[in-house]
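Residue indices begin at 1 and follow the sequence shown.
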Amino acid sequence: MEKKIDIIKQLQPIRSTASLRSIAEEAESEYSLLSLKPTNYSFGAHALERMVRIADDTGASMVYADHYCVTDGKREAHPVIDLQEGALRDDFDFGGLILVRNESLRSFFKENPTEYEYAGVYAMRLYMQRTGIIFHIKEYLYTEEELDTRKSGEKQFDYVNPRNREVQIEMERACTEHLHAIGAAVDTSVRIEPNFTCDGFHAEASVIIPVYNRVKTIADAIKSALDQKTSFPYNVIVVDNHSTDGTAEILSTITDPRLIVIVPQRTDLGIGGCWNEAIYSEHCGRFAVQLDSDDLYSSSNTLQRIVDCFHEQKAAMVIGSYRMCDFELNTLPPGIIDHREWTDENGPNNALRINGLGAPRAFFTPLLREVGFPNTSYGEDYALGLYFSRQHRIGRIYEELYLCRRWGGNSDAALSIDRINANNQYKDSLRTIELMARKKASK
């Protein structure tokens, strides 16, 4: 194996182009095995030989594998997912070890002069993704020690932590260069403006609340919506997806005429399907505004601020900013999530790299009805953000509008690796669809 592979491990994760360049220049073998995490590894029997053999057989520029993780002394399987064309997020989980072909690594430097302090490995794998093969070995070839034992609900917002802003800027640059290289970059200087003068709406806005078994939170959410102060008529549409915990009984006690409760006839609806029940109903207003059943608007001016933004920014969709808090509304790290990585100049392109766009989300109903929500309970809003950003402006409000409450009942508070993988695979499929549409439109 000594003639075939160099094993590269540093005290700090390899991520800069300088580190990669030194590997490319000094490597004497055909492959380099790179450690992307500062942790301990142990290899399975003949694991390195297996990685090299598969790289040889497939001609892959890079291979990665399923593995085991040891957390607090307990070993568990950690499968990873296949790399789709749309898997552009910079936090894609390859595991801690990747095997790269040194010839491909040297080609990367010949064709990519950009220097990165943080995005070197990301830019490298995007290059290998578009010029060669990145192969997923569905075998458990090694074991790594997991040092980050936080729950999934705590980890998912690391990428928007303001302390990581310099990292985000580099990642955005690398992703945008990749999109231009494959003909999928959006020209943000050309935007289609919506026509807000259409008739037929009894309300100017509707707050949409899909709910299933949120007996502890639904009353607070509805009160937050009904307490809005606006210069226009609005209503609140709750779609009760056949709750069984007493949620329906709470809804029946609220007598405000602005509250409309829809119970779908279908029993196979996810969150997106419940949204469709609301937006295609005769009650839906000109603008449809999101409120999750366990969250709150942060002030009585949120709805007015959102509708004003549609007109001010001539947007088809508006996204605000929110504060992470506990059930008692105490702020949780990282605090306010404002997604300032979204810019008018490059937001639609950067959207393919990041894993979310912000909250609350609001839509111009006539355009929303043209496409509808996918009938899922994860990523349904992200799908629409990608779709609208292709041709329309997405308005942004960077002040806090929304309180995102984290508690044990949240659906994403602590997910299994299988659920995390399924969620990531689905969002990657949304990105793949969007990439294909954008490349088609550019021809």
**Asked** Once you round to the nearest 0.5 Å, how far does CG of L141 lie from NE2 of H46?
**Response** 12.0 Å
**Complete:** side-chain contact (heavy atoms from CB on, under 4.5 Å) filter on I250, not counting sequence neighbours, yields V215, I218, A219
**Message:** Heavy-atom count check: over 12 atoms from other residues, nucleotides or ligands less than 6.0 Å from R390 CZ?
**Reply:** yes
**Request:** Decide yes or no on salt bridge (charged side-chain N to carboxylate O under 4.0 Å, His left out) for D82 and K138, but give the supporting numbers first.
**Result:** CA-CA 9 Å; D82 289 343; K138 298 178 182 179; 3.2 Å; yes
**Message:** Tell me whether the count of non-hydrogen atoms from other residues, nucleotides or ligands lying under 6.0 Å of NZ in K439 goes above 12.
**Reply:** yes
**Heavy atoms of other groups near H311 NE2, more than 12 under 6.0 Å** = yes
**Message:** Check for me whether the distance between the ring centres of F287 and F196 falls short of 6.0 Å.
**Reply:** yes
**Asked** In chain order, what residues pass the salt bridge (Lys or Arg N to Asp or Glu O under 4.0 Å) check against R369, with sequence neighbours excluded?
**Response** none
**Asked** Salt bridge or not for R305 and E399, using N-O below 4.0 Å?
**Response** yes
**Request:** State whether R340 and D338 are salt-bridged, where the test is any N-O pair (Lys NZ or Arg NE/NH1/NH2 against Asp/Glu carboxylate O) under 4.0 Å.
**Result:** yes
**Request:** Take I209 and I237 through the side chain to side chain contact (heavy atoms under 4.5 Å, CB included) test and state the conclusion after the steps.
**Result:** CA-CA 6 Å; I209 309 177; I237 303 177; over 6 Å; no
**Request:** Report yes if the distance between the aromatic ring centroids of H242 and Y212 is under 6.0 Å, otherwise no.
**Result:** no
**Message:** Please enumerate all residues that pass salt bridge (Lys or Arg N to Asp or Glu O under 4.0 Å) together with R266, with sequence neighbours excluded.
**Reply:** D268
